[in-house]
Amino acid sequence: MDTGVLLLRLAVGLLIAGHGVQKVSFRLGGNGLAGGTEEFRRDGFRGGTPTALLAGAAQIGSGLFLAAGLLTPLAAMAAMGVMTVAGTVKLPKGLWVQNDGYEYPLVLVVVCAALALTGPGRWSMDRALGLGHWPLWIVVGAIVAGPVSGLLTRAVLHRPAVAAGGERYAPAAD
């Protein structure tokens, strides 16, 4: 079981971190910070560069902490938050990823919740630091707070932009 949890933590954590790297740099096929900023603006979010930086940092940090099994419930909470925001962007396109739907962000949210519930396993920084068994109230709190924080972020930073005739348009820079 510990080997399976390690494999899951490494795969999911490093993919989430890589996604954050793409938001803020040209590495891993990213479009640099300007590209990440434009992506958020195109999706109707306020904040421009600070929003892209915070989202990228949250993905990089939570992904690396998940991969290491360090502060696992908190890392899962942060990852679930940013992936919930991603899911809300894709929600109008339906579930399936081939239609640019929210399938992939949903899977990552569920996997992060499962990692928080199962714990990081024997080969983790949490275990090395004596934090291998988190109290259930912290784990459940993190699982609830992650998606709720993502939804609150969406509510605060997203602005529905509607042009004449009801068509959506990308808002001007903030």
Side-chain angles (χ1 to χ4, degrees), residues 9 12-24 30-31 33-67 70-97 99-120 126 134-163 166 168-174:
R9 273 195 358 254
V12 170
L14 293 176
L15 284 170
I16 291 172
H19 196 72
V21 167
Q22 289 179 321
K23 289 240 180 327
V24 298
N31 294 316
L33 183 55
T37 299
E38 182 55 33
E39 177 185 347
F40 278 101
R41 285 189 181 134
R42 213 177 24 252
D43 290 337
F45 285 90
R46 293 180 182 95
T49 301
T51 300
L53 276 172
L54 286 172
Q59 289 172 324
I60 293 167
S62 66
L64 292 177
F65 274 52
L66 275 176
L70 179 60
L71 304 176
T72 303
L74 302 177
M77 178 184 69
M80 287 188 292
V82 293
M83 295 319 299
T84 296
V85 173
T88 66
V89 170
K90 296 177 175 296
L91 193 63
K93 297 177 181 179
L95 175 63
W96 303 113
V97 74
N99 299 322
D100 198 28
Y102 61 92
E103 173 187 1
Y104 181 64
L106 176 62
V107 167
L108 290 176
V109 168
V110 171
V111 169
C112 289
L115 284 170
L117 285 167
T118 60
D126 279 352
W134 289 87
L136 184 60
W137 68 270
I138 290 177
V139 173
V140 171
I143 290 170
V144 170
V148 168
S149 70
L151 293 173
L152 288 173
T153 299
R154 167 79 181 207
V156 169
L157 292 180
H158 191 261
R159 60 170 168 229
V162 180
R168 291 186 54 81
Y169 68 94
D174 293 302

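No experiment lies behind these values; they were computed from the predicted model shown.
In terms of modelled atom types and a separation under 3.5 Å, the side chain of Asp126 and the main chain of Leu71 share a donor-acceptor contact. Judged purely by atom type and a 3.5 angstrom limit, His158 has no side-chain atom pairing as donor or acceptor with the backbone of Thr88. Side chain of Arg46 to backbone of Val156: a donor-acceptor contact under 3.5 angstrom is found.
Side-chain atoms of Ile16 and Ile60, non-hydrogen and from C-beta on, never get closer than 4.5 Å to each other. The shortest side-chain heavy-atom distance between Leu117 and Val139 falls under the 4.5 Å cut-off. Residues Leu152 and Ser149 form no side-chain contact, since every pair of their non-hydrogen atoms from C-beta on lies 4.5 Å or further apart. Side-chain contact between Phe45 and Arg154 is present, with heavy atoms from C-beta onward closer than 4.5 Å.
Here the closest non-hydrogen pair linking Met80 and Pro147 is CB-CD, 4.0 Å. Nearest heavy-atom pair, Gly56 versus Val24, reported as atom, atom and distance to 0.1 Å: CA-CG1, 4.1 Å. Asn99 and Lys93 make their closest contact through O-CB, 3.5 Å (heavy atoms, listed as atom of the first residue, atom of the second, distance). Heavy atoms only, all atoms of each residue included: Tyr102 and Gly87 are closest at CB-O, 3.7 Å. Residue Gly101 comes nearest to Pro105 through the heavy atom pair O-CD, 4.4 Å, listed as atom of the first residue, atom of the second, then distance. Taking each heavy atom of Ala58 and Val82 in turn, the nearest pair found is CB-CG1, 3.6 Å.
The distance from the CG atom of Asn31 to the OG1 atom of Thr37 is 11.0 Å, given to the nearest 0.5 Å. Taking CZ from Arg9 and OG1 from Thr72, the interatomic distance works out to 6.5 Å, rounded to the nearest 0.5 Å. Here the OG1 atom belonging to Thr49 is positioned 11.0 Å from the CZ atom belonging to Phe40, to the nearest 0.5 angstrom. Atoms NZ and CD, from Lys90 and Glu103 in turn, are 11.0 Å apart once rounded to the nearest 0.5 Å. Rounded to the nearest 0.5 angstrom, Met77 CE and Cys112 SG are separated by 11.5 Å. Atoms CG and OG1, on Leu106 and Thr84 in that order, are 9.0 Å from each other to the nearest 0.5 Å.
Around CZ of Phe65, the count of heavy atoms belonging to other residues, nucleotides or ligands within 6.0 Å does not exceed 12.
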